[in-house]
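Heads up, the thing below is written out as structure tokens.
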Protein chains: 2
Amino acid sequence: MPLEFTVMKESTNSRARLGRLKTTHGVVETPVFMPVGTQATVKTMTPQELEGLQVEIILSNTYHLYLRPGSDVVAEAGGLHQFMNWRHPILTDSGGFQVFSLGPLRTISEEGVQFRSHLDGSKHFISPEKSMEIQMDLGADIIMAFDECAPYPADRSYVQKSKDLTTRWAKRCQAAHTREDQALFGIVQGGVYQDLRRESALELLELDFPGYGIGGLSVGEPKELMYEVLDDLIPVMPREKPRYLMGVGSPDCLVEGVLRGVDMFDCVWPTRLARHGMVITRRGNLPIRNLPYARDFTPIEEGCGCYTCQNFSRAYIRHLIKANEVLGIRLTTIHNIFFLTRLMKEIRQAIAADSLPEFAREFLGAFQGEK
Amino acid sequence: MPLEFTVMKESTNSRARLGRLKTTHGVVETPVFMPVGTQATVKTMTPQELEGLQVEIILSNTYHLYLRPGSDVVAEAGGLHQFMNWRHPILTDSGGFQVFSLGPLRTISEEGVQFRSHLDGSKHFISPEKSMEIQMDLGADIIMAFDECAPYPADRSYVQKSKDLTTRWAKRCQAAHTREDQALFGIVQGGVYQDLRRESALELLELDFPGYGIGGLSVGEPKELMYEVLDDLIPVMPREKPRYLMGVGSPDCLVEGVLRGVDMFDCVWPTRLARHGMVITRRGNLPIRNLPYARDFTPIEEGCGCYTCQNFSRAYIRHLIKANEVLGIRLTTIHNIFFLTRLMKEIRQAIAADSLPEFAREFLGAFQGEK
């Protein structure tokens, strides 16, 4: 078995649960947030620093690595773990979301997706089988089925067809996937149409994947709508399999997602935010590049245990970012990842103590989004 | 005394010497190479990483910090050490070289230099007194007199006037400098005119600075000419004071400079090179961003003990640099700084063993510059 998932504890007062995900490259405590290393690197960070931040699993992007350096190069290096020197679990996405995001540069057919590279305009074709081939070359512990992610808003008939195609592609992925050290997850689609979501889930359950992604959310719909979809969908999903809400990573969504029974999350948001000079705090996001911080010699967040807050002031970080110094975005990235790994740890502790709803109320009351 | 310099050993077969430089923030073993942290950061590096690379002293630039974040902000932070969290010695330059490099944006008079900021075009004036004021605000352990650095080539009468002005400004700097925890170095000028160099040195010796910079070299003249200037000049300089060859840092020049009696060096070259995807090896510089390294899974340099070479392949670093990933230039910077701190350590060991000429012959024989 390339993946063992054990539910360690279920909340009595929410759908949250504590889990342990055992993969080929090690164990991950869930609920977990996975930082994104699009191009075989979590931007600005060494693997050693990620370990220091207690990151247990990262995500990397099939589409980007296929184009550059090429999945053949990664395979020749001995796989992605070896190539980037990350000895812990990795999840790769299927490339589907990135390819669909290319818009006019791609055409979808039953067979797969034809597209032009955003790098050099060259023509490529990815099918479910090709996605499996690339992801087997990359060698992540968890890989994702090639799906179609419908946009928001999209009308019901489009989303229905897209969901049906995703199910057919999921079967083809399963047939094409042969590596026994990798776990292949199916992806539930269906947009914001509850019945389509349930249909999608039931169709995929028949295929008995070792875990399930929830795709096509956080694509522009109001957060409340996303929460409603989760409220309705998750009871249909099997208790004994991990549930992965794709592309979601703001602190409020993490808390709300866990309350509804999500086990895994990923998002470029905290690291991208950091590169734009925004840092996450308990009270919301702070635009540290702004003038009010020019002579603020306090840390980003008083009491925070991260390397950045232990050693540097807001004024210094602001200076670095204004001066386009790499150290500036390194320091904000460290803080933001630390914030999220600590938050997930607190969430797991709260589930263990059966106090997640209280924790959530307090956290969400203080956290105001962007300041 | 803000600075104590002790010559520990003199070579019997060259002008090289081992020294110990005791500053307000600690001891530096010489000969030493100082990495440059122009904007209060050695580009891409944390202070912790610099310590790990056994860097003992860094240089920072007065001109840049005066404009951004402003020397008043740095002073309010408690000085540059506190601002950037570097607890070891710092040397600041005077701002002279940067201001003169502005070309048409500046006008020189007896009083000082009027210039426009390269950032926003705003008008500024730096005099010897103003340079001292800024450098006292920054609070480095070693600060430099405000000098005029003549270009190369320049005719004798221009260089003579420029050297005379530098001497008059050195006196004004000495009169204006009052911080007792800082050592102020004079700067020898005189271009490539040996007699002007000697005149400059003798004029400054009368002022009895605790150390002397050698400025205006490595500004475009052939290396052989620089070596000739050093051969002639250094015997005039006092044995008991540190000699600092400004703006020089390629491995061959470091070796040749030490052989001629230089104790201190600085240069942006190794870190700038790293950001352009060039790495230093024993056999010369390697353009690691080039295609031949795409499937080269060996380290930058076999046997190198740096974090980069211990953990990553040329193929991975090439990928990162091609993909504009910050980690790429972090890894090349780590390697290049490690290379130079190790080289300086080997040089010091060779002086101690009285075998520097042999070491130099072997090193320079293998090192071919750019490949």
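In the text below, chain A, chain B and the rest are named by the order of the sequence lines, each starting its count at 1. The basis for the numbers below is simple: all heavy atoms, side chains too, and nothing from hydrogens, waters or symmetry mates.
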Heavy-atom proximity to chain B below 4.5 Å, by part of [X]:
X	result
Q82(A)	neither
Y316(A)	both
R330(A)	side chain
F83(A)	both
A294(A)	backbone

- Is it possible for you to check whether R342(A) lies under 6.0 Å from the centre of the six-membered ring of F339(A), through NZ or CZ, and within 45° of that ring's axis?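 The answer is yes, since R342(A) meets both limits relative to F339(A).
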- Query: Can you tell which of I329(A), V74(A), D72(A), L320(A) has the highest number of heavy-atom pairs within less than 4.5 Å of chain B?
  - Reply: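 Heavy-atom pairs under 4.5 Å are most numerous for D72(A).
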- Item | Most contacts with chain B, counted as non-hydrogen pairs under 4.5 angstrom, among Q39(A), K322(A), R318(A) |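 Of the candidates given, the most pairs with chain B belong to Q39(A).
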Judged by modelled atom types alone, do [X] and [Y] share a side-chain donor-acceptor pair under 3.5 Å?
X	Y	answer
H335(A)	T333(A)	no
T24(A)	D181(A)	no
T62(B)	H64(B)	no

- Message: The test is ring pair (Phe, Tyr, Trp, His ring centres under 6.0 Å); show your working for Y63(A) and H118(A) and say whether it passes.
- Response: CA-CA 10 Å; Y63(A) 167 80; H118(A) 73 288; 5.4 Å; yes
- Message: How about CZ on F100(B), more than 12 heavy atoms from neighbouring residues, nucleotides or ligands closer than 6.0 Å, or not?
- Response: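 Atom CZ in F100(B) is crowded, with more than 12 foreign heavy atoms closer than 6.0 Å.
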- Query: Just wondering, are more than 12 heavy atoms of other shown residues or ligands nearer than 6.0 Å to NE2 in H276(A)?
  - Reply: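 No, not enclosed.
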Is it the backbone or the side chain of [X] that comes under 4.5 Å from a heavy atom of chain A, or both, or neither?
X	value
L119(B)	neither
E325(B)	side chain
E49(B)	side chain

- Mind ranking G328(B), G78(B), P47(B) by heavy-atom pairs under 4.5 Å with chain A and telling me who comes out on top?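 Max contact count across the listed options: P47(B).
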- Message: Please check: side-chain N/O of Q182(B) versus main-chain N/O of A140(B), any donor-acceptor pairing under 3.5 Å?
- Response: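 Judged by distance alone, yes, a pair lies under 3.5 Å.
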